[in-house]
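A note on names: the letters A, B, ... follow the listed sequences, proteins ahead of strands, and every chain is numbered from 1.
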Amino acid sequence: MANDNKLQNIIAHCKEYGFIFQSSEIYDGLSAVYDYGQYGSELKKNIRDYWWKSMTQMQDNIVGIDAAIFMHPTVWKASGHVDNFSDPMIDNKDSKKRYRVDHLIEGYAETLPEADAKSLLQKMDELLAKDDFAGLKTLIEDNKIKCAVSGTANWTDVRQFNLMFSTEMGAVASDNPEENKVYLRPETAQGIFVNFLNVQKTGRMKIPFGIAQTGKAFRNEIVARGFIFRMREFEQMEMQFFVRPGTQKEWYEHWKEARMKWHLSLGISPERYRFHDHVKLAHYADAACDIEYDFPMGFKEVEGIHSRTDFDLKNHQQYSGKKLTYFDTELNQHYVPYVVETSIGLDRTVMMLLSEAYEEQDLSTDEKQDSRVVLKFPPLVAPIKLAILPLTKKDGMPEIARQLMDECKPYFKCFYEEKDSIGKRYRRQDAIGTPFCVTIDGQTKEDNTVTIRHRDDMTQERVTLSSVKDIVLKAMQV
RNA sequence: GCGGGAGUAGCUCAGUCGGUAGAGCGACAGUCUUCCAAACUGUAGGUCGCGGGUUCGAAUCUCGUCUCCCGCUCCA
């Protein structure tokens with residue numbers, strides 16, 4: 001199957017079978033925002049639960065929190081988001097290339113003698129500080145700065161791009177809206193940093209230790225695209241691991257390996273993963289890499305592992321005026337811990353599992369044409385674990401099926417259906433990725449056995465009614 | 001944001017020269033009682049993405065707009 005069709009087919013399948021719908025679809029949709037339907041939300045929740053369990057319950061030195069989406073505006077000053085991600089941009093009308101204004105001018109300055117460059121950059125900094133966009137455009141035009149692609153100086157006006165969404169807090173409109181401005185967090189990490197001491201003290205945590213959190217984040221991307229890959233509202237699963245300064249390198253390597261193990265535990269083939277080490281590092285990092293998955297549109301980042309140094313805690317210390325140090329009893333000294341972050345996109349993980357699971361199969365024989373679409377989810381994350389199907393709706397079969405439902409329901413999500421031919425019901429479950437179907441037939445009443453049908457190879461085996469629950473539970477272990 | 005493509009039933013699509021909309025699948029209710037879709041009967045479902053224009057008349061021509069996909073661009 002051609003990969004460009006694969007993504008389209010997955011999108012269509014997700015809609016048709018209740019996984020993912022476009023937001024506000026009856027109003028023509030809202031760009032790059034999606035809703036999870038009845039099966040999509042189960043899938044997403046199962047992934048989130050598995051991550052949470054792996055990163056908290058299974059770790060002696062990691063605890064979870066749930067920080068608010070709204071935070072004090074100064075948080076984003078301290079984190080660098082206000083200054084680093086509201087860059088003025090300019091487009092060349094001929095080449096249609098877009099540039100960050102500072103990069104464009106800096107690039108030009110490098111071609112100038114040192115003294116000229118210095119005065120140009122100084123002028124630029126002054127204008128940037130005043131948000132004087134008209135002045136910046138004039139500066140570019142006066143210096144006859146050209147586009148590297150078109151070679152022309154035919155520029156649009158300078159426009160500001162803000163990564164963060166903002167809103168106003170408080171009931172009464174202020175004369176100065178800036179006073180009431182709060183942001184929707186662009187990452188969950190800062191909620192962990194500002195609670196670092198609260199958790200450390202109340203949890204009596206000893207370094208090295210981690211704080212985990214899942215939650216929504218919001219970014220006003222210039223171009224949000226690729227189905228649920230890059231959305232304006234998305235969910236992150238992050239863990240910040242606080243370590244003794246100087247040990248960050250070994251912990252970075254530790255988490256790199258640990259997180260890749262987690263990915264592989266989902267049964268995804270190793271050749272679909274690769275590490276991408278960052279060469280150009282962000283302002284806060286001393287090492288960074290991505291775990292990339294081979295999506296239908298190519299290798300793309302699913303998770304990032306970043307050695308964030310003491311950048312965040314140090315800045316929060318400075319902006320808040322509160323000490324954010326840890327007393328290390330072994331070393332008998334205070335220090336600001338270093339941080340190694342693991343940050344995975346939940347929606348991207350959903351998309352990864354969909355891409356991995358989606359398969360169109362041709363089951364034709366000489367006699368007849370046949371095909372099916374199957375989602376080969378690991379049982380742990382499948383929205384429905386077990387479909388319970390009476391072969392017919394007579395002869396007491398539905399009653400036995402209902403009893404089995406009652407037995408299994410408390411342990412995992414089940415689905416009951418008695419309509420249509422058994423083959424049709426199997427195929428419907430394949431399409432939503434249900435790993436097991438149990439069929440109650442005439443023999444069940446005689447000897448308390450049922451057939452259990454396996455999704456991936458479509459084989460069946462006869463088992464006792466009483467063993468069904470444990471078979472499913474066992475398959476759900478990873 | 002720029003360029004290209006697309007938008008007709010839940011899904012995939014057809015719709016000729018401008019003359020008021022069709023198929024297959026699916027869904028629902030029955031029949032059949034059968035271990036792997038497409039057997040039979042019946043039913044529901046569409047302001048042809050939205051808005052303006054041309055026309056006696058627009059799914060069709062035209063302009064605008066929204067959304068999706070691809071490429072570029074950007075990206076923690």
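Here A/D441 lies in heavy-atom contact (under 4.0 Å) with a base. Within the 4.0 angstrom heavy-atom criterion, only backbone atoms of the sugar-phosphate kind lie near A/Y34; the bases stay farther away. Contact annotation for A/E25: no contact, since no heavy-atom pair falls under 4.0 Å across all strands. Residue A/H306 is in sugar-phosphate contact alone, with no base atom involved, counting any heavy-atom pair closer than 4.0 Å across all strands shown. A/S343 comes within 4.0 angstrom of no nucleic acid atom, judged by non-hydrogen atoms across all strands. Among the heavy atoms of the strands, none lies under 4.0 Å from A/R372. A/I422 comes within 4.0 angstrom of sugar-phosphate atoms only, judged by non-hydrogen atoms across all strands, and of no base. A/A32 comes within 4.0 angstrom of sugar-phosphate atoms only, judged by non-hydrogen atoms across all strands, and of no base. Counting non-hydrogen atoms under 4.0 angstrom, A/T439 reaches a base of the nucleic acid.
Comparing the P positions of B/A9 and B/C48 gives an interatomic distance of 10 Å, to the nearest angstrom. Here, B/U47 and B/C40 have their C1' atoms 36 Å apart, quoted to the whole Å. For the C1' atom pair drawn from B/C36 and B/A14, the interatomic distance equals 31 Å after rounding to whole Å. Using atom C1' as the reference point in both B/A37 and B/G1, the two lie 46 Å apart (nearest Å). Nucleotides B/G7 and B/G49, compared at atom C1', are 6 Å apart to the nearest Å. Between B/G52 and B/A58, the distance separating the two P atoms is 12 Å to the nearest Å.
The phosphate of B/C68 has OP1 or OP2 within less than 4.0 Å of a side-chain N or O from A/Q22. Taking 4.0 angstrom as the limit, A/S421 places none of its side-chain polar atoms (N or O) nearer than this to OP1 or OP2 of B/C35. Proximity of A/R428 to the phosphate of B/A27: a side-chain N or O atom is located under 4.0 Å from OP1 or OP2.
In this structure, the ring of A/F295 has its center less than 6.0 angstrom from the ring center of A/Y293.
Judged by distance alone, with hydrogens and angles left aside, the side-chain atoms of A/K445 form a donor-acceptor pair with the main-chain N or O of A/D395 at under 3.5 Å.
Taking the side chain of A/L7 as heavy atoms from C-beta on, and the options B/C11, B/U33, B/C70, the nearest nucleotide is B/C70. The side chain of A/K419 lies closest to B/A29 when the candidates are B/A29, B/C68, B/C74. For A/K15, taking side-chain heavy atoms from C-beta onward, the closest of the listed nucleotides B/C74, B/C11, B/C36 is B/C11.
For a distance-only test at 3.5 Å, the side chain of A/Y426 qualifies as a donor-acceptor partner of the base of B/C35. Evaluation of atom-type donor-acceptor distances gives no pair under 3.5 Å for the side chain of A/R453 against the base of B/C35.
The interatomic distance linking A/L389 (CG) with B/C36 (P) rounds to 14 Å, in whole Å.
Place A/F227 and A/Y27 on RNA chain B by their nearest nucleotides, and A/Y27 ends up nearer the 5' end. Taking for each of A/I11 and A/K394 the nucleotide of RNA chain B with the nearest heavy atom, the 5'-most of the two is the partner of A/K394.
With hydrogens and angles left out, the side-chain atoms of A/E238 and A/Q213 include no donor and acceptor closer than 3.5 Å. A side-chain donor from one of A/T459 and A/D457 sits under 3.5 Å from a side-chain acceptor of the other. Checking A/T464 against A/N448 by side-chain atom types alone, no donor-acceptor pair falls below 3.5 Å. Checking A/D470 against A/S467 by side-chain atom types alone, no donor-acceptor pair falls below 3.5 Å. Between the side chains of A/D347 and A/Y36, at least one donor-acceptor pair of N or O atoms lies under 3.5 Å.
A distance of 12.5 Å separates CD1 in A/I344 from CZ in A/R48, rounded to the nearest 0.5 Å.
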Completion exercise
Here RNA chain B, pairs taken as Watson-Crick or G-U under 3.5 Å and shown with ( ), [ ] when crossing and | when to another strand, reads (((((((..((((.....[..)))).(((((.......))))).....(((((..]....))))))))))))....

